[in-house]
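Here the structure is laid out as structure tokens; the discussion comes afterwards.
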Amino acid sequence: MKMTFRWYGPKDPVTIDKIRQIPVIDSIVSAVYDVPVGELWSDASILGIKNAAESVGLTFEVVESVPVHEDIKLGLKTRDKYIANYTTNLERLAAHGVKCVCYNFMPVFDWLRSELKSGLADGSNALAYDEETVLKMNPAESELSLPGWDESYTRDQLKGLLKQYENVDEEKLFDNLRYFLEAVIPVAERVGIDMAIHPDDPPWGIFGLPRIITDKEHLKRFLNLYPARNNGVTFCTGSFGASADNDLLEMIGVAEGRIHFAHLRNIKIDAYRRFHETGHPSKEGSLDMLAIVRALLKSGFDGYVRPDHGRMIWGETGRPGYGLYDRALGAMYLYGLFEAEGAVSK
Ligand code: DNO
């Protein structure tokens with residue numbers, strides 16, 4: 001297991017000097033943020049991240065994410081150009097030492113919450129999701145700004161995109177994912193990169209858009225679309241765990257040998273399709289983190305781990321879910337679980 005920590009680059013208020021002081025971190029998780037989705041990442045940008053990490057004694061082995069252009073998810077003719085850029089990016093990343101790439105296949109929106117600062121009993125605040133509130137939103141008309149919202153779309157572009165997805169159902173999205181995997185996985189394999197798809201967050205369709213990496217059956221189907229070891233998964237407990245129907249321990253078994261990256265965070269399910277994020281320890285939320293770590297290890301997991309969204313504590317403000325303090329506590333807790341199970345090297 002290698003403990004990692006997400007860093008949003010030089011503009012991140014959580015600086016790399018702070019990250020280095022969390023004693024258990026091996027590698028940062030980052031990405032090139034200054035080019036539009038689908039374009040080529042320059043060697044200089046990739047090297048910039050690697051050098052920043054190495055200058056404080058960390059490595060840069062995991063990218064989250066190399067985003068997938070909407071034309072690929074929509075299955076448009078133009079997808080081949082974007083797939084070619086994608087594989088070139090993988091080759092460049094591998095040449096600079098990246099070993100694992102996280103991505104998702106969620107149409108239009110990435111992760112979604114209805115509240116960014118939901119107050120918790122201990123005086124901290126965290127992200128929360130309430131389906132009732134979400135159902136009242138109209139992304140094509142509102143001025144909303146939430147995580148997962150691509151701020152670069154104009155209102156008209158967003159409307160156009162949502163219209164295009166009217167022809168894409170789950171089946172079509174699976175077909176388009178297969179097409180992507182057939183082109184990308186062999187290249188990733190050749191250059192030594194483990195691909196790790198991130199589950200849909202929350203794990204059900206939103207705004208009439210299909211979502212397919214949601215539950216055990218869909219996970220199995222994904223793994224069988226292209227049955228290669230490096231066609232793997234980012235096992236995000238907070239994403240899959242938001243549905244009480246998902247048995248995470250069983251799902252870890254399903255993905256045995258194919259989990260390359262684990263996002264380990266806790267959430268508290270308050271009602272059907274209503275949850276809030278909590279501190280990482282088991283007692284804080286609905287998930288049994290020790291059981292999850294044990295199941296991962298039983299499945300042979302030896303990949304990258306990162307603490308995931310943290311609460312905002314001790315008066316910290318910043319990027320929702322990505323402050324320093326609670327994620328650092330999370331890293332320490334998770335490391336302790338792995339160490340107690342004999343899964344870290346001295
Ligand atoms: C949210 C993250 C996601 C994740 C992408 C992976 O905090 O877990 O944005 O990075 O879905 O592609």
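Both counts, for ligands and for their atoms, begin at 1 and track the order of listing. These numbers were taken from a predicted model, which means no experiment stands behind them.
One N or O on the side chain of Asn230 and one on the backbone of Ile193 form a donor-acceptor pair closer than 3.5 Å.
Arg229 and Asp194 are joined by a salt bridge, as a carboxylate oxygen and a charged side-chain nitrogen come within less than 4.0 angstrom of each other. Ionic pairing of Arg211 and Asp200 is not present here: no N-O contact between side-chain nitrogen and carboxylate oxygen is shorter than 4.0 angstrom. Salt-bridge formation is not detected for the pair Asp71/Lys81: no Lys NZ or Arg NE/NH1/NH2 atom is positioned less than 4.0 Å from an Asp or Glu carboxylate oxygen.
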Given the rule in the ring pair (Phe, Tyr, Trp, His ring centres under 6.0 Å) test, do Tyr103 and Phe180 qualify, once you have shown the distances and angles that lead to the verdict? CA-CA 12 Å; Tyr103 67 101; Phe180 171 75; 5.7 Å; yes

Test side-chain hydrogen bond (donor to acceptor under 3.5 Å, both in side chains) on His198 and Glu64 and set out the steps. CA-CA 9 Å; His198 189 284; Glu64 179 176 348; 5.0 Å; no

Which atom pairs, nitrogen or oxygen on both sides, join ligand 1 and the protein at under 3.5 angstrom?
unit_1: ligand 1; atom_1: 7 (O); unit_2: His309; atom_2: NE2; d: 2.5
unit_1: ligand 1; atom_1: 7 (O); unit_2: Tyr322; atom_2: OH; d: 2.5
unit_1: ligand 1; atom_1: 8 (O); unit_2: His198; atom_2: NE2; d: 3.2
unit_1: ligand 1; atom_1: 9 (O); unit_2: Asp110; atom_2: OD1; d: 3.1
unit_1: ligand 1; atom_1: 9 (O); unit_2: Asp110; atom_2: OD2; d: 3.4
unit_1: ligand 1; atom_1: 10 (O); unit_2: Arg6; atom_2: NH1; d: 3.2
unit_1: ligand 1; atom_1: 10 (O); unit_2: Arg6; atom_2: NH2; d: 3.3
unit_1: ligand 1; atom_1: 10 (O); unit_2: Glu64; atom_2: OE2; d: 2.5
unit_1: ligand 1; atom_1: 11 (O); unit_2: Asn104; atom_2: ND2; d: 3.1
unit_1: ligand 1; atom_1: 11 (O); unit_2: Asp110; atom_2: OD1; d: 2.9
unit_1: ligand 1; atom_1: 11 (O); unit_2: Asp110; atom_2: OD2; d: 3.2
unit_1: ligand 1; atom_1: 12 (O); unit_2: Ser65; atom_2: OG; d: 2.6
unit_1: ligand 1; atom_1: 12 (O); unit_2: Asn104; atom_2: N; d: 3.3
unit_1: ligand 1; atom_1: 12 (O); unit_2: Asn104; atom_2: ND2; d: 2.9

